Amino acid sequence: MSNLNPKNEELWDKLVSEIKETVGDGIFELWFRPMKLLSIKDNGVYIEVPNRFYREWIEDNYPELIEGKVYEITGQKYSVKYRMQEKTDTEIKKIDNKKELRKQRLANRGIFLNPKYTFSNFIVGASNDFAHAAAKKVVEDPGRTYNPLFIYGDSGLGKTHLLNAIGNSIFDNKPSTNIYYKSIDVLTNEIVTALRQGKVSELLELFRPVDVFLVDDIHLIAGKEGTQMQFFHIFNALYENQKQIVLTSDRPPIEIKDISDRLRSRFNMGLIADIQPPDIETKIAILYKKAENEGLQIPEDVAYFIASRIKSNIRDLEGCLIKLGAQASLTGKKIDIDVTREVLRELVSEEVKPLTADFIMKVVSEVLNIKMTDMKAKKRTKEIATARQIAMYLCKKSTSMSLSEIGRSFGGKDHATVIYACKQIQEKAEQDEQMQRMLDNLLKKIKS
């Protein structure tokens with residue numbers, strides 16, 4: 001700080017204060033406190049961080065925070081550049097340089113894809129293989145195969161990764177391709193500005209040359225009638241000209257409320273692919289791949305510990321590894337199970353409680369407003385019988401209990417009753433989308 005002029009020191013002090021207020025004390029102390037301001041020159045803010053883990057975590061979780069706060073304070077746009085105290089491994093530096101080169105090439109074209117999200121570092125498992133295969137197919141023949149492609153799944157499962165991988169792969173294959181990639185929030189702001197300024201026709205013209213249209217979090221368009229109308233026209237124009245459209249959402253089109261029927265029908269026109277929470281084997285593979293990219297060595301028991309305690313969110317999974325790497329790097333400690341437990345004690349659950357039939361019955365009874373005792377009794381009203389069958393089906397799906405054990409948990413029912421219940425619910429789910437959605441929601445509650 002001693003080499004900085006008083007004006008820059010004052011800016012830095014204000015910036016640090018604003019960041020702390022925004023992110024809170026815990027995150028600030030761990031991730032932002034170690035930063036040091038090196039210089040401010042040529043429209044750049046040069047910041048030193050301990051190592052690449054800090055830079056990567058900040059770029060992933062608060063990509064525009066520092067630049068935004070500097071703009072708020074100064075009224076000028078500055079780009080943030082990071083310098084690392086720790087020397088970087090040659091191979092890692094090559095990967096970083098490759099990402100930086102792609103980032104610069106994309107920025108020169110006004111395309112704001114994340115250069116680190118590629119197909120090569122996307123781990124494929126049973127939970128995402130269909131969506132991955134569809135995304136790869138889109139790259140082979142944009143605009144003609146699976147158009148539009150609609151990818152949905154819970155937050156943090158890799159939708160944004162796949163969306164960026166499509167854009168990056170198409171750009172690498174053909175750099176002249178005109179790619180539009182933004183979240184629906186940003187697109188909404190563009191549409192609202194055009195409406196206010198009476199420049200709707202000019203807005204539509206901006207999308208005419210677009211070859212690939214990638215929009216994240218499309219479910220957030222719900223309830224915004226003006227935006228939906230303009231989006232419908234943009235969508236139609238691109239689709240009619242065989243331009244590739246890829247959308248992501250946290251739910252399928254049928255479950256997005258407060259959107260027009262004609263827009264929902266457009267979302268359903270192509271291929272709909274879902275991404276489910278990964279199984280433990282896929283989570284371990286993700287951890288190993290991430291560790292390899294970061295130049296980390298993690299023992300098998302550490303990988304299993306993290307994978308078994310992080311329920312479903314890949315973003316949280318990777319966040320744990322980055323925090324572990326950052327702390328191990330600063331302290332010089334070797335990563336082992338004891339260090340992992342200590343560093344991640346606030347992020348992971350130490351005990352994994354096995355699912356029981358009683359717990360599953362409790363969840364079902366709360367959702368369906370049925371007394372748990374009634375499910376164990378001999379009452380046979382339609383509502384109670386259905387709730388009992390659903391609970392039996394979920395026990396079979398989510399535990400390792402035998403049919404006889406499940407039956408005994410429900411007041412001494414025999415295994416044939418359990419088989420019949422599971423068959424009944426399976427058939428209902430195949431014929432009734434509402435039943436299938438209910439089962440999916442119950443499974444999420446049980447496993448959360």
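Bear in mind that the values here come from a model prediction, so they are computed numbers and not experimental data. Computed over heavy atoms, backbone and side chain alike; hydrogens, waters and symmetry mates excluded.
Between F119 and H132, the gap from one ring centroid to the other is short of 6.0 Å. The six-membered or imidazole ring of Y180 lies near that of F207, with a centre-to-centre distance under 6.0 Å.
Counting only heavy atoms from C-beta outward, the side chains of I390 and L439 approach each other to under 4.5 Å. The shortest side-chain heavy-atom distance between V418 and F410 does not fall under the 4.5 Å cut-off. Considering only heavy atoms from C-beta on, Q242 stays 4.5 Å or farther from N147 through its side chain. Residues K41 and Y46 form a side-chain contact, since some pair of their non-hydrogen atoms from C-beta on lies under 4.5 Å apart. The shortest side-chain heavy-atom distance between Y62 and F32 falls under the 4.5 Å cut-off. Within the 4.5 Å cutoff, the side chain of K323 has heavy atoms near those of the W31 side chain. C320 is listed as a side-chain neighbour of I310, based on a closest heavy-atom distance under 4.5 Å. I335 is not listed as a side-chain neighbour of Q297, based on a closest heavy-atom distance of 4.5 Å or more.
Between the side chains of Q436 and D432, no donor N or O sits under 3.5 Å from an acceptor N or O. If you check the side chains of T177 and D211, you find no donor sitting under 3.5 Å from an acceptor. Judged by distance alone, the side chains of D279 and T282 do bring a donor and an acceptor atom under 3.5 Å apart. With hydrogens and angles left out, the side-chain atoms of Y117 and N168 include no donor and acceptor closer than 3.5 Å. Between Y393 and Q426, the side chains place a donor N or O and an acceptor N or O closer than 3.5 Å (distance only, hydrogens not considered).
The aromatic rings of F235 and Y239 lie parallel to each other, their planes meeting at an angle below 30°, with 60° marking the opposite boundary.
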| Steps toward salt bridge (Lys or Arg N to Asp or Glu O under 4.0 Å) verdict (E67, K77) | CA-CA 7 Å; E67 290 180 1; K77 288 190 176 182; over 6 Å; no
| message | Using side-chain contact (heavy atoms from CB on, under 4.5 Å), reason through I275 and Y152 one step at a time and then give a plain yes or no. | response | CA-CA 6 Å; I275 299 180; Y152 76 91; over 6 Å; no
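Residue T227 holds its OG1 atom at 7.5 Å from CG of L187, rounded to the nearest 0.5 Å. Between K81 atom NZ and R55 atom CZ the span is 11.5 Å, to the nearest 0.5 Å. Remark: I298 CD1 to I306 CD1 distance equals 6.0 Å, nearest 0.5 Å.
Legend: residues meeting side-chain hydrogen bond (donor to acceptor under 3.5 Å, both in side chains) with S402, ordered by chain and number and at least two apart, are E405.
A salt bridge is defined here as a Lys NZ or Arg NE, NH1 or NH2 lying under 4.0 Å from an Asp or Glu carboxylate O, and K69 with E18 meets this definition. By the 4.0 Å N-to-carboxylate-O rule, E366 lies too far from K445 to be salt-bridged with it.
Here the options are D13, L15, V45, the test is side-chain contact (heavy atoms from CB on, under 4.5 Å), and the partner is L37; only V45 passes.
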